Amino acid sequence: METIKKVSVVVPCYNAAKYLEQCIEQLLRQTIGIDNLEIILVDDASTDGGETKSLIQRYERRFPETILAIFLEENRRQGGARNVGVSYASGEYLTFCDADDWLLEETLEHVYDAAKQYDADVVAFARKNVGEHGVRVGLEKGTRDEFFGLEEEGARKRFLLDIREEGYSSQNKLFRLSLIREQQIVFAEHLIMEEPSFTLPVRLYAKRYYYLDERLYICFSSPGSTVRDNAAWEQRKWDNLQVWTALLGELACRGILQTYWMEVEYLFFTLGIGWSLGMLFQRGCTLTKDEWKTLTEIAHKVLPAVKENPYVIHEEHPFNQAWNRVLLTVLDMSFTDGDVQAANDAMIESARAFSTCPAFA
């Protein structure tokens, strides 16, 4: 009988030939052992003249027992590519790595051992951002390891807002594959900023969650990525809000939104609307009257009582307090021509003042 692999790693690849080899080589060097790994490389309809495809095929031929190559005919962005990869996964646990990032050699051994020790549905871990690709990075350990038992409703409510480092990103986590399959959790497709569509449902369903305070995921701040390209951002500036709006609808259909509405409302307010505006104005964009009206209409429809949300009222962090006040002010405007200028000026000033905040870096 075929032995189940310990971990499946899904790597979405789009025009990634420049960086992908480093990512794959680090996966092949994992101290957990190559026999315990399934590496799924998903070429998301790359347009680089076959460079990415050829590289993937070369590795699949060299490691046919470990590497599975999938080639999509239509670009589905990272969320769609990850969904396809997950559909082929067969490991006990599942994780993701972007093609221009990489894992430390001990990453999967450490997180899998933690998962088994605590019988965890999810093991989250820290990441390290670097500005030079391929730079050698050593293991950095913190002192904030923590187990979260989520059987009790109050514990889960507190946990939903305990974001820590990149709490709603997907790459710095190990997921029990059976949980993902049983709850039919998938990423939003054809959009950027898609990760909360996957990780928020996970946080609502996981019963045992462990945070391993080790910087095990190395994130390369690629200057060509959509998130860091101002021109590309202008075309995708409402993707994050679309992801969160669709997510609310999905959670309502699942029948779990009402129980955790206050928490999800606050997350939509801060990470859906607030994060969208923060990123937009950080990049020097402004909104027209019609865009402001559309945004405020969405906010009033989806979050009609957000001013009374206890997490808004009792927010203690000075940055969050100030940012929430700005958001509430601009979302309450009627948007005459004067209001448009005032709102844009207020957001530009806030973005400048908050430029050092990690959320908008």
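Not measured: the values here are computed from a predicted model. Just so it is clear, the values below take in all heavy atoms, side chains as well, and ignore hydrogens, waters and symmetry mates.
Defined by atom type and a distance below 3.5 Å, a donor-acceptor pair is missing between the side-chain atoms of His133 and Gln22. Remark: the Asp101 side chain and the Gln171 side chain contain no N/O donor-acceptor pair separated by less than 3.5 Å. Under the 3.5 Å distance criterion, with hydrogens and angles disregarded, no donor-acceptor pair is assigned to the side chains of Asn320 and Thr270. Side-chain contact of Gln341 with Asp345: a donor-acceptor pair under 3.5 Å is present, judged by distance alone. A donor-acceptor pair shorter than 3.5 Å can be found between the side chains of Glu315 and Tyr266. Residues Tyr205 and Arg254 have side chains that bring a donor and an acceptor to within less than 3.5 angstrom of each other. Looking at Asp43 and Thr52, their side chains never bring a donor and an acceptor atom within 3.5 Å of each other. Using modelled atom types and a 3.5 Å distance limit, the side chains of Tyr168 and Glu195 yield no donor-acceptor pair. At a cut-off of 3.5 Å, with distance as the only test, no side-chain donor of Asp213 or Thr143 sits close to an acceptor on the other residue.
Between Lys116 and Glu92, at least one side-chain N (NZ, or NE/NH1/NH2) sits under 4.0 Å from a carboxylate O, which counts as a salt bridge. Salt-bridge check for Glu194 with Arg77: failed, with every basic side-chain N at 4.0 Å or more from each acidic carboxylate O. Salt bridge present: Lys307 and Asp332 bring a charged side-chain N and a carboxylate O closer than 4.0 Å. For the pair Glu291 and Lys237, the salt-bridge criterion is met [side-chain N within less than 4.0 Å of a carboxylate O]. We find that Arg82 and Asp44 are not joined by a salt bridge, their nearest charged nitrogen and carboxylate oxygen being 4.0 Å or further apart. With respect to the salt-bridge test (charged N to carboxylate O, under 4.0 angstrom), the residues Glu297 and Lys293 do not qualify.
Between Thr296 and Met333, every side-chain heavy-atom pair lies at or beyond the 4.5 Å cut-off. Between Phe187 and Ser170 there is a side-chain heavy-atom pair separated by less than 4.5 Å. Within the 4.5 Å cutoff, the side chain of Leu295 has heavy atoms near those of the Trp238 side chain. No side-chain heavy atom of Tyr210 sits under 4.5 Å from any side-chain heavy atom of Val111. Counting only heavy atoms from C-beta outward, the side chains of Arg136 and Ile218 never approach each other to under 4.5 Å. Between Ile56 and Leu20 there is a side-chain heavy-atom pair separated by less than 4.5 Å. Proximity of Leu160 to Leu200: side-chain heavy atoms (C-beta onward) are separated by under 4.5 Å at one or more points. Within the 4.5 Å cutoff, side-chain heavy atoms of Tyr217 are placed close to those of Asp98.
Although no hydrogens or angles enter the test, the distance criterion places no donor-acceptor pair under 3.5 Å between the side chain of Arg76 and the main chain of Ala45. The closest donor-acceptor contact from the side chain of Arg215 to the backbone of Arg127 lies under 3.5 Å. A donor-acceptor pair is defined here as one N or O able to donate and one able to accept, closer than 3.5 Å; no such pair exists between the side chain of Gln30 and the backbone of Ile32. Of the possible polar contacts, none joining the Asp239 side chain to the Met193 backbone as a donor-acceptor pair under 3.5 Å is found. With hydrogens and angles ignored, the 3.5 Å screen pairs a side-chain donor or acceptor of Ser87 with a backbone N or O of Val84. Checking side-chain atoms of Lys173 against main-chain N and O of Ala124 turns up no donor-acceptor pair under 3.5 Å. Of the possible donor and acceptor atoms, none in the side chain of Glu105 sits under 3.5 Å from a partner among the backbone N and O of Leu27. Between the Asn240 side chain and the Gly272 main chain, a donor and an acceptor come within less than 3.5 Å of each other. Panel note: side chain Asp121, backbone Val202; no donor-acceptor pair is recorded below 3.5 Å. Put simply, the side chain of Arg203 never gets that close to the backbone of Thr199: no donor and acceptor are under 3.5 Å apart.
Here the straight-line distance linking atom CD1 of Ile185 with atom CG of Leu179 works out to 5.0 Å at 0.5 Å rounding. Taking OH from Tyr59 and CD1 from Ile24, the interatomic distance works out to 5.5 Å, rounded to the nearest 0.5 Å. Separating the CH2 atom in Trp102 from the CZ atom in Phe220 is a distance of 7.5 Å, to the nearest 0.5 Å.
Listed here is the closest heavy atom pair of Leu94 and Ala89: CD1-CB, 4.3 Å.
Counted within 6.0 Å of CD on Glu153, heavy atoms from surrounding residues, nucleotides or ligands total more than 12; the atom is thus considered enclosed. At most 12 non-hydrogen atoms from other residues, nucleotides or ligands lie less than 6.0 angstrom from OH of Tyr88. Enclosure of atom CD in Glu65 is not indicated, since only 12 or fewer non-hydrogen atoms of other residues, nucleotides or ligands lie within 6.0 angstrom. In Lys157, the NZ atom is crowded: over 12 heavy atoms of neighbouring residues, nucleotides or ligands sit closer than 6.0 Å.
Here the two rings, on Phe198 and Phe175, have centers that are under 6.0 Å apart.
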